[in-house]
Amino acid sequence: SDEEDYQKVQNSLLKNNFADTFNVWQDPDGVIWCLDGKRRHTILNRMIAEGKKIPDKLPAIFVDARDKQHAAELVLVYSSEFGRI
């Protein structure tokens, strides 16, 4: 369930800090777009709403993409299960 997922991710974040990075792309105007991590983003926002302390900066890897469309294509690569272990 969504509540179970929330509790698992929240517990992991509180115990292990932020062990996984976001993949991001910076457009020519300097706007940073998150290419993955939607679920983590939603959970972090909920934790903030509940008064939990979240770091001001989170780890990210900047991805090189030609443009917004190419960055959007990379979202599919990052969210695919091709690399599933």
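Please read all numbers here as calculations on a predicted model, not as lab measurements. No hydrogens, no waters, no symmetry mates; every other heavy atom, side chains included, goes into these values.
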- Query: What's the spacing between L44 CG and F22 CZ if we round to 0.5 Å?
  - Reply: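 It comes to 5.5 Å.
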Nearest atoms (heavy-atom pairs only) where [X] meets [Y]:
X   : Y   : value
D5  : I43 : O-CD1, 4.1 Å
V24 : C34 : CG1-CA, 4.1 Å
R66 : H70 : N-ND1, 3.0 Å
T21 : R40 : O-NH1, 3.3 Å

- Is atom CD of Q69 surrounded by more than 12 heavy atoms (other residues, nucleotides or ligands) closer than 6.0 Å?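 Not buried by this count: 12 neighbours or fewer within 6.0 Å.
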- Query: Is it true that atom CG of D2 has more than 12 heavy atoms of other residues, nucleotides or ligands lying nearer than 6.0 Å?
  - Reply: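 Not buried by this count: 12 neighbours or fewer within 6.0 Å.
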- Item | Chi angles and distances behind the side-chain contact (heavy atoms from CB on, under 4.5 Å) call for V63, L35 | CA-CA 9 Å; V63 174; L35 303 178; 3.9 Å; yes
For [X] and [Y], indicate whether the former's side chain and the latter's backbone hold a donor-acceptor pair under 3.5 Å.
X   : Y   : answer
D27 : D29 : yes
D36 : N23 : yes
W25 : A65 : yes

- Message: Taking salt bridge (Lys or Arg N to Asp or Glu O under 4.0 Å) as the cut-off, I'd like each qualifying pair that reaches into residues 51-64, sequence neighbours left out, listed once.
- Response: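 Those involving residues 51-64 are E50-K52.
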- Query: Is the closest side-chain heavy-atom distance between I32 and F62 below 4.5 Å?
  - Reply: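 Yes - at least one pair of side-chain heavy atoms lies under 4.5 Å apart.
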- Task: Check the hydrophobic clustering (I, L, V, M, F, W, Y; side-chain heavy atoms under 4.5 Å; chains of links allowed) and say if L74 and V31 are grouped together.
- Result: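 Result: yes, single cluster for both.
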